[in-house]
Amino acid sequence: MTSEATALTPGRQPVPASSFAVIVPAFNEAENMPDLFREMAEVFERSGLAGELMLVDDGSTDGTLEAAQAAARLTGLDRVRLLRHERNQGKTAALMTAVRATDADVFVLFDADLQHSPDEIPRFLAALDEGADLVSGRKIGRYQKPIVSRIYNWLARAIFRVPVRDMNSMKAFRRRVLDGVHLRRDWHRYLVVLAHARGHRVSEIDIELFPRRHGVSKYSGQRRILVGILDLVSVWFQIVFGSKPMLLFGLPGLGLIGVGGLVGVIALYLRFVAGTGYRPLLTLVVLLVVLGMLLFVAGFIAELVTGLRAEVEELRREVRE
């Protein structure tokens with residue numbers, strides 16, 4: 001891809017049966033490993049798929065990796081890769097660890113708790129074949145956090161105008177979606193938003209949500225609500241001002257300088273015309289002008305950094321090609 005515009009190339013781009021990887025981040029999911037690998041093997045065989053199954057043990061303490069190794073030996077899957085983090089780093093880090101470890105062009109992000117069926121994988125690949133760059137699943141079924149989820153999804157749609165109703169679910173996407181995107185911790189939840197902002201085609205399909213079979217949810221607690229809101233603001237900031245930081249720094253800087261000049265005129269009038277000079281006004285003038293200049297210079301430096309970042313991203317794309 002030579003530019004962001006190439007993400008909009010029309011036409012079907014079929015996903016070969018062997019050019020995709022199913023990425024499964026897992027944290028303390030040992031009990032789910034036998035069912036996960038057995039059902040994955042059944043779906044691969046039934047659908048004629050020959051993709052890669054990549055499980056990333058994200059610092060588990062319950063023997064998830066060992067359980068996965070034992071389950072993988074029983075399935076007969078030809079392409080299984082087991083990766084491990086020494087400590088828990090989160091789902092986003094697990095996703096990127098798997099992406100860097102494979103040459104696959106398409107990825108399916110699948111949860112280890114089996115709240116979605118592996119039978120959905122062929123449907124996601126088919127949706128990509130229809131021309132989408134990213135396909136997100138919309139959960140249909142009883143959800144543990146319906147109110148929080150609805151509010152979060154409503155905010156995301158209202159702020160980012162994405163054509164997707166469920167941001168945090170099973171996904172399939174092409175490698176080019178990650179080009180030039182830096183996913184910070186827990187930002188896998190905003191992959192749809194970031195992809196849409198960069199001009200990629202995003203679509204959605206309904207998928208059934210099943211009760212968790214074993215273990216407990218790893219994504220709960222009031223703290224995650226606050227973190228999610230702060231991340232939402234961070235993503236908004238990056239999308240709106242990431243490419244034009246002068247809008248954030250330069251305009252307020254010029255505004256402060258203008259206000260400082262106006263206050264300066266008032267101070268001169270009071271001093272030389274009215275004869276009632278007010279010294280604190282001079283201090284205010286200096287403060288406003290200095291702050292304005294600092295903001296403007298910060299915006300200028302940020303523009304230089306943004307330009308360098310764009311050049312680096314272009315070089316990375318050329319290297320990949």
Side-chain angles (χ1 to χ4, degrees), residues 13 15 20-26 29 32 35-36 39-40 42-44 46-47 49 51 53-56 91-92 94-95 98-99 104-157 160-175 177-178 181 183 186-197 200-213 217-220 224 228 232 235:
Q13 302 180 57
V15 180
F20 72 94
V22 178
I23 299 175
V24 185
E29 298 285 358
N32 287 310
D35 291 346
L36 173 69
E39 294 180 22
M40 283 288 181
E42 292 172 353
V43 169
F44 273 47
R46 186 166 57 247
S47 303
L49 302 177
L53 176 58
M54 307 182 71
L55 184 133
V56 183
K91 191 173 182 177
T92 303
L95 167 64
V99 168
D105 295 322
V106 168
F107 307 104
V108 178
L109 184 59
F110 190 87
D111 289 340
D113 57 16
L114 287 171
Q115 289 193 280
H116 301 305
S117 171
D119 286 316
E120 304 288 1
I121 294 174
R123 294 184 60 221
F124 275 81
L125 297 179
L128 289 178
D129 282 347
E130 293 174 0
D133 295 309
L134 184 150
V135 182
S136 181
R138 175 175 174 252
K139 296 184 288 289
I140 302 298
R142 187 174 181 180
Y143 191 46
Q144 290 181 340
K145 299 166 286 186
I147 297 178
V148 174
S149 179
R150 288 194 190 100
I151 293 175
Y152 162 73
N153 286 314
W154 178 82
L155 283 174
R157 290 198 307 274
F160 302 110
R161 305 294 181 184
V162 292
V164 170
R165 291 163 290 180
D166 194 342
M167 308 293 165
N168 193 22
S169 183
M170 183 178 170
K171 296 179 182 65
F173 53 94
R174 300 182 184 273
R175 180 180 285 273
V177 168
L178 297 176
V181 174
L183 295 180
D186 290 335
W187 275 27
H188 64 276
R189 296 175 294 183
Y190 301 100
L191 188 57
V192 173
V193 170
L194 295 170
H196 184 260
H200 294 290
R201 290 182 298 268
V202 175
S203 65
E204 184 178 64
I205 60 176
D206 292 344
I207 57 175
E208 190 172 357
L209 180 68
F210 297 95
R212 170 181 273 273
R213 302 184 190 181
S217 173
K218 312 305 186 299
Y219 301 98
S220 59
R224 291 193 60 81
L232 194 70
V235 172

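Position 1 is the first residue of the sequence, and the numbers go up from there.
Between V22 and F110 the shortest heavy-atom distance is CG1-CB, 3.9 Å. When all heavy atoms are compared, the tightest approach of D111 to V24 is C-CG1, 4.2 Å. The shortest non-hydrogen separation linking D166 to E204 is N-OE2, 3.1 Å. The two residues A94 and V56 make their nearest non-hydrogen contact at O-CG2, 3.6 Å. Residues P163 and V202 share a closest heavy-atom pair of CG-O, 4.0 Å. The two residues N32 and L114 make their nearest non-hydrogen contact at O-CD1, 4.2 Å.
In this structure, CZ in R175 is found 3.5 Å from CZ in F107, a value given to the nearest 0.5 Å. Here CD1 of I205 is found 9.0 Å from CD of E130. Values are rounded to the nearest 0.5 Å. Here F44 contributes atom CZ and L53 contributes atom CG; the two are 6.0 Å apart, rounded to the nearest 0.5 Å. Rounding to the nearest 0.5 Å gives a distance of 11.5 Å between CG of D133 and NE2 of H196. In this structure, CE in M40 is found 10.0 Å from CG in D119, a value given to the nearest 0.5 Å. Taking CG from L95 and CG from L191, the interatomic distance works out to 7.5 Å, rounded to the nearest 0.5 Å.
Not a single donor-acceptor pair under 3.5 Å links the side chain of Q115 to the backbone N or O of P211. Formation of a donor-acceptor pair under 3.5 Å by the R165 side chain with backbone atoms of R138 is not found in this model.
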Note to self: side chain to side chain contact (heavy atoms under 4.5 Å, CB included) for T92 and R189? Distances and angles first, verdict last.
What the structure shows: CA-CA 8 Å; T92 303; R189 296 175 294 183; over 6 Å; no

Notebook entry, point to check: Does the side chain to side chain contact (heavy atoms under 4.5 Å, CB included) test come out yes or no for R123 and V135, once each step is laid out?
Noted result: CA-CA 10 Å; R123 294 184 60 221; V135 182; over 6 Å; no

Next item on the list: Begin from the C-alpha positions of K139 and H116 and carry the test side chain to side chain contact (heavy atoms under 4.5 Å, CB included) through to its verdict.
Entry: CA-CA 9 Å; K139 296 184 288 289; H116 301 305; 3.7 Å; yes

Next item on the list: Take H200 and L134, measure what side chain to side chain contact (heavy atoms under 4.5 Å, CB included) needs, and give me the verdict at the end.
Entry: CA-CA 7 Å; H200 294 290; L134 184 150; 5.9 Å; no

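Taking the side chain as every heavy atom from C-beta outward, V192 and F160 never approach each other to under 4.5 Å. Residues E120 and V108 are not in side-chain contact: their nearest non-hydrogen atoms beyond the backbone lie 4.5 Å or more apart.
A salt bridge links R212 to E29: at least one charged side-chain nitrogen sits closer than 4.0 Å to a carboxylate oxygen.
Among residues two or more places apart in sequence or in another chain, the side-chain hydrogen bond (donor to acceptor under 3.5 Å, both in side chains) test is passed with S203 by none. In this view, D35 and R38, R213 satisfy the side-chain hydrogen bond (donor to acceptor under 3.5 Å, both in side chains) rule, not counting sequence neighbours.
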